[in-house]
Amino acid sequence: MSHSVIKTDVALVGAGIMSATLGALIRRLEPTWSISVFERLDAAAAESSDPWNNAGTGHSALCELNYTPKTADGDVNIDKAININEQFQVSRQFWAYSVDNGILGDPSEFINPIPHVSFTHGSDGVDYLRKRYDRLAGQVLFEGMEFIDDEATFSERLPLMSAGRDFSDPVALNWFTDGTDVDFGALTQQLLNHIGETGADVYFGHSVTNLSKQSDGSWIMKVSNLRTKQKVTVHAKFVFVGAGGGALHLLQKSGIAEAKGFGGFPVSGEFFRCTNPDLVADHQAKVYGQAAVGAPPMSVPHLDTRVINHQPGLLFGPYAGWSPKFLKSGKITDLPFSVKPNNLLPMLSIAPQEFGLLKYLISELAASRADRVNTLGEFVPRADGADWEIITAGQRVQVIRKTGVGGSLEFGTAVVTADDGTIAGLLGASPGASTAVPAMLNVLEKCFPKEYAGWKPALTEMIPSFGQKLSDNRDLFRQVWDWTSASLQLKRGAAAPQVDAERATAPAL
């Protein structure tokens with residue numbers, strides 16, 4: 001059997017949004033570095049970055065209620081919402097810069113304007129949304145948010161959700177006109193096309209089977225060409241593991257101390273999808289509700305407008321499922337094979353801590369299709385199951401992090417880097433893709449500390465708010481917002497001041 005050798009400065013494992021983003025950043029910062037991408041499947045963004053495999057909200061905390069939890073004293077904590085929105089603004093700036101500079105093409109292929117809306121009903125829910133609005137509306141990043149609690153405006157804005165609704169049960173909305181729908185699959189493909197056209201090698205159908213560190217700090221990766229069965233040896237100076245649910249296994253195989261103690265809990269999901277043009281026309285928004293009492297954050301129900309290949313559709317869910325696989329295309333041995341002596345106790349400690357999650361999963365698995373249509377009925381009172389098809393979403397692997405002798409389950413993302421900066425990986429899920437740019441900036445800072453200082457002028461050109469907080473600088477935020485709105489061809493509404501689009505350029509700082 002033939003054997004080949006590849007030498008590269010940067011090896012990116014996985015052809016999803018994280019690897020594509022990191023590759024595009026490195027190509028801009030160090031155009032002479034060689035980059036190689038290895039993807040097990042035959043297409044880019046075929047797992048969690050696929051548009052039908054994620055909620056695609058452009059998670060900016062405008063509408064997701066799990067980012068604004070109610071506090072013990074009845075107030076609303078908005079810290080996480082501000083932090084996530086701040087991160088999304090960084091991603092948005094890089095995308096706008098990329099459109100302006102030919103890295104990305106037509107922005108409507110991957111980002112489209114759509115209102116982001118929070119929805120509650122019942123007197124307690126209305127009170128909560130009013131407090132949430134009071135806390136957020138004065139914040140720089142949330143200017144333009146509306147509070148709506150009257151039947152007429154609700155019906156005008158959300159006709160599909162109002163038809164057949166009993167308004168004796170009070171309703172409330174937090175409405176933000178200038179939200180976005182992001183197709184991370186199309187975005188990933190455009191970024192990968194760019195780095196491929198500028199000299200990177202992208203290998204599809206190539207599975208990374210092992211990683212071993214060399215005495216000089218470089219890495220040897222064992223790779224199998226799944227089409228020809230050819231074995232490939234890759235010599236890389238730096239490795240990034242952006243393989244979604246497959247990242248944990250590879251980081252464990254690398255042997256780095258920083259990956260020890262991490263475990264993963266896989267959760268699959270299903271959604272109802274609707275492409276009936278009459279129903280789609282009656283719902284032009286992303287509407288997020290509240291998770292049931294005791295249910296985990298990932299269970300927050302939402303009725304999303306999605307725009308994929310310029311075609312709008314509706315997505316409702318999630319309905320949780322469970323599989324021991326870490327990827328949709330993974331193996332049933334993924335979970336048991338991820339258990340190691342160093343993460344056994346953290347993983348075992350989760351069950352008694354997360355009783356609510358286990359109860360939720362069991363109830364979801366027992367639900368019939370009729371039960372699921374009834375759940376949809378909270379959002380669409382006249383829902384007819386015949387209009388909705390079930391699709392299986394991407395597999396998510398929630399991070400289990402060692403804490404003391406036990407562990408804690410985290411519903412977020414975690415960047416894992418070796419102390420010498422030669423390898424890094426990303427674990428976890430939401431908000432994930434939406435914060436890909438700040439996550440990859442984190443990787444660059446941790447893994448290339450010597451070069452990072454010299455990169456700052458270039459990073460500031462790409463991301464004008466680099467090193468600053470937009471939430472603390474209203475003038476800078478408005479400049480950045482005007483520029484990104486124009487470059488990404490996003491219509492402006494209540495949240496954005498009116499400007500001449502011809503003059504909206506990246507702020508020169």
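Nothing fancy with the numbering, it's 1 onward along the sequence. Predicted, not measured: the structure shown is a model, and the values here were computed from it.
- Interatomic distance, CE of M462 versus CG of N101, reported as 9.5 Å (0.5 Å rounding).
- The closest donor-acceptor contact from the side chain of N225 to the backbone of R227 lies under 3.5 Å.
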(request) Take K456 and F466 through the test side chain to side chain contact (heavy atoms under 4.5 Å, CB included) and record every step on the way to the result. (result) CA-CA 8 Å; K456 287 183 178 180; F466 180 76; 3.8 Å; yes
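- Under the 4.0 Å criterion applied to side-chain N and carboxylate O atoms, R306 and D183 are not assigned as salt-bridge partners.
- A distance of 10.5 Å separates CD of Q89 from CG of L476, quoted to the nearest 0.5 Å.
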(request) Dump the intermediate steps for side chain to side chain contact (heavy atoms under 4.5 Å, CB included) on I35 and D201, then the final yes or no. (result) CA-CA 6 Å; I35 300 173; D201 295 311; over 6 Å; no
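- Put simply, the side chain of N112 does not reach to within 4.5 Å of the side chain of T180, judged on heavy atoms.
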(request) Would you sort out whether K237 and V10 count as a side chain to side chain contact (heavy atoms under 4.5 Å, CB included), showing the intermediate values? (result) CA-CA 6 Å; K237 295 178 182 177; V10 176; over 6 Å; no
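- Side-chain N/O atoms of S485 and D482 include no donor and acceptor closer than 3.5 Å.
- Annotation: side-chain hydrogen bond (donor to acceptor under 3.5 Å, both in side chains) contacts involving residues 15-28, sequence neighbours excluded, comprise R27-T198, R28-Y97.
- Side-chain contact between L191 and I17 is present, with at least one heavy-atom pair separated by less than 4.5 Å.
- With Q93 contributing its side chain and S465 its backbone, the two residues share a donor-acceptor pair below 3.5 Å.
- The OG1 atom of T417 lies 6.5 Å from the CD atom of E258; values are rounded to the nearest 0.5 Å.
- One finds the CG atom of N66 at 6.5 Å from the NZ atom of K80 (value rounded to the nearest 0.5 Å).
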(request) Using the ring-ring contact (aromatic ring centres under 6.0 Å, His included) rule, take F379 and F316 through it: C-alpha gap first, then chi angles, then the decisive distance, then the call. (result) CA-CA 9 Å; F379 280 68; F316 178 80; 5.2 Å; yes
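- Contact check for I256 versus V416: side-chain heavy atoms found under the 4.5 Å cut-off.
- Remark: side-chain polar atoms of Q190 are paired, donor with acceptor, to backbone N or O of G105 under 3.5 angstrom.
- Atom-to-atom distance recorded for F204:CZ and R40:CZ is 13.5 Å, nearest 0.5 angstrom.
- Defined by atom type and a distance below 3.5 Å, a donor-acceptor pair is missing between the side-chain atoms of E197 and N193.
- With a 4.5 Å cut-off on side-chain heavy atoms, I6 and Y203 count as touching.
- Formation of a donor-acceptor pair under 3.5 Å by the D9 side chain with backbone atoms of S34 is found in this model.
- You'll find the ring centres of F110 and F184 outside the 6.0 Å limit.
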(message) Before you tell me yes or no, could you show the steps for V182 and W95 under side chain to side chain contact (heavy atoms under 4.5 Å, CB included), namely the whole-Å CA-CA distance, both residues' side-chain angles and the distance that decides it to 0.1 Å?
(response) CA-CA 11 Å; V182 184; W95 301 337; 4.3 Å; yes
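- Listed here is the closest heavy atom pair of A61 and N85: CB-N, 4.4 Å.
- At least one side-chain heavy atom of E86 sits less than 4.5 Å from a side-chain heavy atom of L141.
- Annotation: W481 is not in aromatic contact with F88 [ring centroid separation under 6.0 Å not met].
- Listed for the Q139 side chain is no donor-acceptor partner under 3.5 Å among the backbone atoms of L136.
- Proximity of a side-chain donor or acceptor of N276 to a complementary backbone N or O of D387 within less than 3.5 Å is not detected.
- Here the shortest heavy-atom pairing between A20 and L192 reads CB-CG, 3.9 Å.
- With rounding to the nearest 0.5 Å, the separation of CG in L444 from CZ in F238 is 7.5 Å.
- S224 places no side-chain N or O within donor-acceptor distance of the main-chain N or O of L226, the cut-off being under 3.5 Å.
- H283 contributes a side-chain N or O that, together with a main-chain N or O of A285, makes up a donor-acceptor pair within less than 3.5 Å.
- For the residue pair T305 / Q284, no side-chain donor-acceptor distance below 3.5 Å is found, with atom types taken as modelled.
- For the pair I463/L441, a side-chain contact is recorded, criterion being any heavy-atom separation below 4.5 Å from C-beta on.
- Between H310 and S108, some side-chain heavy-atom pair lies under the 4.5 Å cut-off.
- Checked by atom type and distance alone, the side chain of S91 pairs as donor or acceptor with a backbone atom of S434 at under 3.5 Å.
- Shown here for S254 and I423, the closest heavy-atom pair between the two residues is CB-CD1, 3.9 Å.
- For the residue pair E30/W455, the side-chain donor-acceptor check at 3.5 Å is satisfied.
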(message) D100 vs S487, test: side chain to side chain donor-acceptor pair (under 3.5 Å). Steps then yes/no.
(response) CA-CA 7 Å; D100 291 349; S487 293; 2.8 Å; yes
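- Aromatic ring orientation, H206 versus F38: tilted (interplanar angle from 30° to 60°).
- Shortest non-hydrogen contact noted between T188 and A15 is CG2-O, 3.5 Å.
- Of all heavy-atom pairs spanning C63 and V117, the tightest one is CB-O, 3.3 Å.
- Within the 4.5 Å cutoff, the side chain of L250 has heavy atoms near those of the V208 side chain.
- For T422, the side chain to side chain contact (heavy atoms under 4.5 Å, CB included) partners at least two apart in sequence or on another chain are K213, W219, D420.
- Listed here is the closest heavy atom pair of L314 and L279: CD1-O, 3.9 Å.
- For F271 and H302, the distance between ring centers is under 6.0 angstrom.
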